[in-house]
Amino acid sequence: MKFKKPLKELKLSVPSQETSVSNFLTASGTFHDGDLLLNMKGLRLISEENDPPPSESKEMDLQISLEDLETIKVIGKGSGGVVQLVRHKWVRKMFALKVIQMNIQEDIRKQIVQELKINQASQCSQVVVCYHSFYHNGAISLVLEYMDRGSLADVLRQVKTLLEPYLAVLCKQVLQGLVYLHHDRHVIHRDIKPSNLLVNQKGEVKITDFGVSAMLASSTGQRDTFVGTYNYMAPERISGGSYDYKSDIWSLGMVILECAIGRFPYIQSEDQQRWPSFYELLEGIVAGPPPSAPPDQFSPEFCSFISACIQKDPSVRASSLELLSHPFIRKFEDKDIDLGILVAGLECPQNFQK
Ligand code: ATP
Ligand code: MG
């Protein structure tokens with residue numbers, strides 16, 4: 001594998017007994033974790049500005065093979081397929097294996113796998129790492145970083161609502177992930193929703209399924225055909241117009257408002273728990289007034305944040321970068337709020353029925 005700049009060599013200390021990056025070697029003898037690349041020649045640090053160009057992402061192919069992985073249990077099901085908790089046989093590291101069934105033509109399959117590799121080659125600590133993606137037996141498989149507290153949807157099922165300080169900390173991390181996707185990678189996520197925001201016991205929140213909805217859409221040649229839900233979709237997307245990064249911001253605002261009020265924002269009140277019909281929902285998003293945070297229940301900073309996100313006109317909606325310095329995010333920055341403590345008390349997602 002060649003890089004534009006020479007790699008810096010590091011000295012390896014004696015590996016600890018515990019499984020760690022330093023003893024994670026596959027049959028191919030290579031492991032790549034973040035900025036670390038480990039192979040038979042030793043540990044190397046990859047320069048941060050140096051994403052391997054697409055043609056050089058082939059090394060990623062060699063890291064993990066399906067035979068190296070043993071299934072522990074199914075941890076989730078989505079519209080596209082199943083997510084399993086798997087363990088690497090040799091190094092005992094856990095991964096989430098997402099398998100999406102797609103019987104598609106070979107040329108489209110090659111294109112999709114290639115796109116996934118390019119999209120997922122570089123990493124940001126607020127985006128779930130995709131270690132490997134491949135096409136096998138009519139399915140696309142993704143070997144993902146395992147997030148041991150499941151998704152924000154799993155968390156919400158247990159806590160119903162999140163208080164503002166926790167929301168600010170969660171939101172800051174999602175915004176950092178979005179800044180990376182929007183400004184560094186120039187991509188729209190397109191499917192920001194509670195089940196695509198994953199949490200681990202350290203209290204880290206990471207965006208997942210980046211590139212997946214685009215992949216599913218491109219496999220049919222039609223945008224947005226495979227969307228699992230329209231609930232969080234921005235009005236300009238629903239009405240079929242052009243859309244950009246700002247459509248992710250609408251979705252983020254909807255997710256955060258849902259976490260705060262404990263119900264999907266287009267359900268009018270807690271008493272009226274009736275879910276709107278598909279057409280009522282689309283009509284509500286496109287033609288109705290945008291939802292907002294009730295000022296008698298939330299701080300002015302929070303209400304202002306939600307209003308900056310949930311603007312029907314995308315040109316008025318704030319960007320991910322602007323929101324990162326919004327007063328609501330800044331308000332709790334020096335308060336040492338630990339999301340890890342909140343999720344520590346919750347049941348592990350794979351232990352309860354969905
Ligand atoms: P949809 O298919 O409509 O997008 P979804 O996002 O819930 O819905 P999947 O992406 O297949 O569907 O994920 C299903 C569930 O699996 C998630 O809700 C989450 O609980 C779990 N999950 C997915 N990826 C991981 C991961 N990397 N680590 C831990 N759990 C995960
Ligand atoms: Mg998902």
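Just so you know, residue 1 is the first one in the sequence shown, and it goes up from there. Note that ligands are numbered from 1 as they come in the structure, with each ligand's atoms numbered from 1 the same way. Bear in mind the structure is a predicted one, so any value in this text is a computation, not a measurement.
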Answer yes or no for Asp154: is there a heavy-atom contact with ligand 1 below 4.0 Å?
yes
Test side-chain contact (heavy atoms from CB on, under 4.5 Å), reference Leu152, set Val255, Leu198, Val205, output is Val255
Backbone, side chain, both or neither: what part of [X] comes under 4.0 angstrom of ligand 1, heavy atoms only?
X: Thr208; result: neither
X: Asp209; result: side chain
X: Asp148; result: neither
X: Lys193; result: side chain

Sorted by chain and residue number, the salt bridge (charged side-chain N to carboxylate O under 4.0 Å, His left out) partners of Lys331 (sequence neighbours excluded) come out as Glu301
Using a strict cut-off of 4.0 Å, indicate which atoms of ligand 1 neighbour a heavy atom of [X].
X: Ile75; result: 29 (C), 30 (N)
X: Gly78; result: 2 (O), 8 (O), 11 (O), 12 (O)
X: Tyr146; result: 28 (N), 29 (C)
X: Ser195; result: 5 (P), 6 (O), 7 (O), 8 (O), 18 (O)
X: Lys98; result: 9 (P), 10 (O), 11 (O)
X: Lys77; result: 14 (C)
X: Val83; result: 11 (O), 13 (O), 14 (C), 16 (O), 22 (N), 23 (C), 24 (N)
X: Ala96; result: 26 (C), 27 (N), 28 (N)

Query raised in the report: Does any N or O in the side chain of Asp248 come within less than 3.5 Å of the main-chain N or O of Arg190, such that one atom is a donor and the other an acceptor?
Result: yes
Quick one, Leu69 and Lys89 - any side-chain contact, counting heavy atoms below 4.5 Å?
no
- Message: When you compare the side chain of Glu164 with that of Ser299, does any pair of heavy atoms fall below 4.5 Å?
- Response: yes
Mind checking whether Met147 has an N or O less than 3.5 Å away from an N or O of ligand 1?
-> yes
Sorted by chain and number, sequence neighbours left out, side chain to side chain donor-acceptor pair (under 3.5 Å) with Glu236 holds for Arg317
The side chain to side chain donor-acceptor pair (under 3.5 Å) partners of Ser277 (sequence neighbours excluded) come to none
Point to revise | Within 6.0 Å of OH in Tyr279, more than 12 heavy atoms from elsewhere | key: no
For Asp336, does the CG atom sit with more than 12 other heavy atoms under 6.0 Å from it, leaving out its own atoms? no
Any idea how His186 and Tyr245 line up, ring-wise: parallel (<30°), tilted (30 to 60°), or perpendicular (>60°)?
tilted
Could you check whether the rings of Phe328 and Phe305 sit parallel, tilted or perpendicular, using 30° and 60° as the cut-offs?
tilted
Are any of the side-chain nitrogens in Glu145 or Lys93 under 4.0 Å away from the carboxylate oxygens of its partner? no
Near the Mg ion (ligand 2) (protein N/O/S, cut-off 2.8 Å, waters excluded) we have Asn196 OD1, Asp209 OD2
inquiry  = Could you walk me through whether Phe264 and Tyr232 satisfy the ring-ring contact (aromatic ring centres under 6.0 Å, His included) test, starting with their C-alpha distance in whole Å, then the side-chain angles of each, then the deciding distance to 0.1 Å, before giving a yes or no?
reply    = CA-CA 9 Å; Phe264 177 61; Tyr232 305 91; 5.8 Å; yes
